[in-house]
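Input: a single structure, listed below in structure tokens.
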Amino acid sequence: MDFSVLNEALASSSFDKISDVCDALMLQVAAEGVPFRDEWPFAIHLLGHIYVDDVNSARFLWKSIPATIKESQPELVAAWKIGQKMWTRDYAGVYEAIRGFDWTQQTQFLVAAFSELYTKRMFELLQSAYSTISIQDAAQFLGMSEEDATDYVLREGWTVDPTSRMLTVTKQAIVKEQKLDPGKLQRLTEYVFHLEH
């Protein structure tokens with residue numbers, strides 16, 4: 001079986017493409033009638049869906065994997081544990097699942113990149129949802145110690161009140177680039193001209 005496209009995506013750190021590549025390869029080999037289940041990189045496929053935050057597809061993939069393969073691949077079970085924690089919105093549990101397994105060399109870069117991306121997503125969630133949050137809660141969402149979480153958010157411009165142990169969220173100014181379409185401008189000009197005359 002030719003996994004060269006998948007290996008290229010992994011080597012170039014194009015982790016956002018892995019789930020699509022795996023889905024396409026799986027459809028291709030299934031259409032050809034080639035038995036593939038024993039050598040299929042299920043853990044990478046599952047982590048690819050998790051990386052792009054497609055927990056539904058990860059769930060359906062997990063359900064389609066035979067029990068014998070699940071039992072014989074502990075890394076696959078560990079990858080699904082991350083998916084389970086995401087499914088139940090157990091934010092701290094996601095980090096525990098990531099740290100709770102000794103990932104193989106083939107998956108460790110993907111898992112590390114996901115961990116970094118997930119931390120960034122959680123930070124953006126906190127930034128949009130809170131105006132103040134306790135250091136303890138922020139640390140839980142970010143999967144860090146309280147000291148590391150405080151340092152992380154301070155670098156992002158938040159402020160800390162050491163007496164109450166509360167963080168004040170600094171909202172980032174949203175810069176929207178407005179694109180001027182000449183066609184729209186022309187229609188607007190014609191419309192205004194029509195109204196005036």
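As a basis for the values below, the full set of heavy atoms in this structure was taken, side chains included, without hydrogen atoms, waters or symmetry mates.
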To the nearest 0.5 Å, how far apart are [atom1] in [X] and [atom2] in [Y]?
X: D161; Y: L167; atom1: CG; atom2: CG; answer: 9.5 Å
X: L117; Y: K120; atom1: CG; atom2: NZ; answer: 7.5 Å
X: M26; Y: L61; atom1: CE; atom2: CG; answer: 5.5 Å
X: F42; Y: H45; atom1: CZ; atom2: NE2; answer: 8.5 Å
X: M86; Y: I50; atom1: CE; atom2: CD1; answer: 6.5 Å
X: L76; Y: I44; atom1: CG; atom2: CD1; answer: 11.0 Å

Below 4.5 Å, heavy atoms only, C-beta onward: do [X] and [Y] meet side chain to side chain?
X: L142; Y: V153; answer: yes
X: C22; Y: L6; answer: yes
X: D20; Y: K17; answer: no
X: T168; Y: I133; answer: no
X: V160; Y: M166; answer: no
X: V169; Y: L126; answer: no
X: L10; Y: F109; answer: no
X: L25; Y: V29; answer: no

For the pair [X] (side chain) and [Y] (backbone), establish whether a donor and an acceptor sit closer than 3.5 Å, ignoring hydrogens and angles.
X: S57; Y: D54; answer: no
X: T150; Y: E146; answer: yes
X: E75; Y: T104; answer: yes
X: S115; Y: V111; answer: no
X: T88; Y: Q84; answer: yes
X: T170; Y: G157; answer: yes
X: S145; Y: D148; answer: yes
X: W80; Y: L46; answer: no

Are the aromatic ring centres of [X] and [Y] under 6.0 angstrom apart?
X: F114; Y: F15; answer: no
X: Y95; Y: Y118; answer: yes
X: W40; Y: F3; answer: yes
X: Y130; Y: W158; answer: no

Find out if a path of hydrophobic residues (ILVMFWY) with successive side-chain heavy-atom gaps under 4.5 Å connects L125 to Y51. yes
When hydrophobic residues are tied together by side-chain contacts of less than 4.5 Å, even through go-betweens, does F101 share a cluster with I69?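 Both belong to a single hydrophobic cluster.
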Can you sort out the partners of S131 under side chain to side chain contact (heavy atoms under 4.5 Å, CB included), two or more places apart, ordered by chain and number?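 Expected list: none.
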Pair D23, H49: side-chain N/O donor-acceptor within cut-off below 3.5 Å: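 Distance-only check passes for D23 and H49.
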All heavy atoms of V52 vs all of S19, minimum pair found to be CG2-OG, 3.8 Å
Kindly give the heavy-atom pair with the smallest separation between A79 and W103, and that separation in Å.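 Scanning both residues, the minimum pair turns out to be N-CH2, 3.6 Å.
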Can you tell me if [atom1] on [X] sees more than 12 non-hydrogen neighbours from other groups inside 6.0 Å?
X: Q136; atom1: CD; value: no
X: E32; atom1: CD; value: yes
X: E147; atom1: CD; value: no

Check the pair K85, I82 against side-chain contact (heavy atoms from CB on, under 4.5 Å), reporting the backbone distance first and the verdict last. CA-CA 5 Å; K85 299 299 182 181; I82 296 171; 5.9 Å; no
Please step through side-chain contact (heavy atoms from CB on, under 4.5 Å) for the pair M144 and T119, ending with a clear verdict. CA-CA 9 Å; M144 302 176 185; T119 299; 3.7 Å; yes
Measure from NZ or CZ of K70 to the centre of the six-membered ring of W62, then state whether that distance is under 6.0 Å and the direction lies within 45° of the axis. yes
Before giving the answer on side-chain contact (heavy atoms from CB on, under 4.5 Å), spell out for I18 and L47 the whole-Å C-alpha distance, their side-chain angles and the decisive distance to 0.1 Å. CA-CA 8 Å; I18 288 175; L47 287 166; over 6 Å; no
